[in-house]
Protein chains: 2
Amino acid sequence: MLPHEASSPTPRDLAGRQAAAHRRLESGHQLWLATGSDGLGAHLIPVAFVWDGSALITATFAHSRTVHNVRAHPRARVAVGTTADVIMIDTSSSLIDVAELDAKITERYAVVSTDPRNAPEGTFVYLRLQPRRIQVWNGLHEFAGRTVMAGGRWLDAPID
Amino acid sequence: MLPHEASSPTPRDLAGRQAAAHRRLESGHQLWLATGSDGLGAHLIPVAFVWDGSALITATFAHSRTVHNVRAHPRARVAVGTTADVIMIDTSSSLIDVAELDAKITERYAVVSTDPRNAPEGTFVYLRLQPRRIQVWNGLHEFAGRTVMAGGRWLDAPID
């Protein structure tokens with residue numbers, strides 16, 4: 001919907017936005033992953049994910065800009081959804097070994113992505129993206145009240 | 001489409017992918033904009049855009065992480081499309097004054113976004129994102145041959 005077509009929709013309340021975030025996290029399987037490191041600016045990739053109830057699990061090529069950035073600057077910014085209806089997540093990011101992952105998670109991930117376990121060892125690495133802050137908005141009218149998680153905790157009341 | 005549902009689609013050739021890029025640039029009006037600067041890692045926002053034939057024109061809040069990053073590190077990474085069907089663009093980014101923009105461009109931008117010219121002076125700044133490299137792919141099977149522009153020039157033959 002373009003701005004001049006909108007009929008001043010009512011912004012969702014905190015509970016509604018948290019529910020939307022949970023839905024997107026539990027049912028989605030692709031996200032945008034932005035990482036950066038000193039001197040290199042930002043990198044951005046689309047990648048598959050699964051949600052394990054408290055963090056996003058994904059995987060990418062071991063010798064990639066993304067993995068280089070996560071090693072150097074373990075904070076990644078993630079978008080789930082669309083440009084018009086976004087769940088924006090600031091995460092603490094870390095590399096994890098497949099042995100650290102619950103088999104159910106690696107199985108779920110293999111459904112939504114090329115299975116990293118099928119490639120020669122060392123081709124892919126898994127990443128754990130732990131949300132610190134989550135913001136939910138679907139237009140300029142929802143900028144206020146968009147923060148639904150802060151400091152890693154789902155909020156009880158709006159803070160913005 | 002999930003990986004196990006795909007029926008080994010044929011990768012598009014260079015001309016097909018360049019045509020897809022042109023279509024998305026000319027008809028799209030929202031993109032993902034990733035910027036970074038030293039010490040801050042990556043920032044990511046969804047934002048409206050118009051294509052002026054050679055660059056993406058967008059605008060955002062003047063006192064924003066994005067603008068800070070562009071000033072510090074004038075390279076932005078842009079995604080147009082969806083995670084499953086992406087036009088990925090590495091750009092040289094710069095801040096521009098509304099006076100530098102053709103009136104047709106600012107008018108077209110005002111159709112797809114809140115009009116920066118209607119806000120108090122200094123609220124928004126326009127950005128020019130000049131493509132240096134463009135990559136087009138809609139799945140792992142299209143990783144080869146995904147570069148369609150390099151060094152700011154549309155390619156005559158595949159390079160990857």
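Here is the naming used below: chain letters follow the sequence lines, and residue numbers restart at 1 for every chain.
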Problem - Transitive ILVMFWY side-chain link B:V86 to B:W51, under 4.5 Å - result: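 No; tracing contacts between hydrophobic side chains, which count when under 4.5 Å, never links both residues.
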Problem - hydrophobic_cluster_shared for A:I105 and A:Y126, side chain cutoff 4.5 Å - result: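 A:Y126 clusters together with A:I105.
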Of all the heavy-atom pairs spanning [X] and [Y], show the shortest one and how long it is.
| X | Y | answer |
| --- | --- | --- |
| B:M88 | A:P46 | CE-CD, 3.7 Å |
| B:A34 | A:A42 | C-CB, 3.7 Å |
| B:W32 | A:G81 | CZ2-O, 4.2 Å |

Problem - For A:E107, all residues meeting salt bridge (charged side-chain N to carboxylate O under 4.0 Å, His left out), sequence neighbours excluded - result: A:R117
Handout entry: Test item: B:D38 side-chain N/O and A:G39 main-chain N/O as donor-acceptor pair under 3.5 Å
Key =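 Yes: the side chain of B:D38 pairs with the backbone of A:G39.
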Practice task
Give the member of A:V47, A:V78, A:L40, A:D115 that has the highest number of heavy-atom pairs under 4.5 Å with chain B.
Solution key: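 Most heavy-atom pairs under 4.5 Å with chain B: A:L40.
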Problem - Pairs of heavy atoms under 4.5 Å with chain A: top-ranked of B:L140, B:T83, B:N69 - result: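 That would be B:T83.
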Practice task
Below 4.5 Å from any heavy atom of chain A, which atoms of B:L44 appear? Answer side chain, backbone, both or neither.
Solution key: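 For B:L44, the contact with chain A is made by backbone and side chain together.
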Practice task
Can you establish whether the number of heavy atoms outside A:E26 located under 6.0 Å from its atom CD is more than 12?
Solution key: yes
Problem - Over 12 foreign heavy atoms within 6.0 Å of CG, A:D156 - result: no
Exercise for the section: Can you tell me which residue pairs pass the salt bridge (Lys or Arg N to Asp or Glu O under 4.0 Å) test with a partner in residues 123-148 of chain A, sequence neighbours excluded? Expected result: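 Applying salt bridge (Lys or Arg N to Asp or Glu O under 4.0 Å) to every pair that reaches into residues 123-148 of chain A, excluding sequence neighbours, yields A:R12-A:E142, A:R17-A:E142, A:D52-A:R128, A:D90-A:R133.
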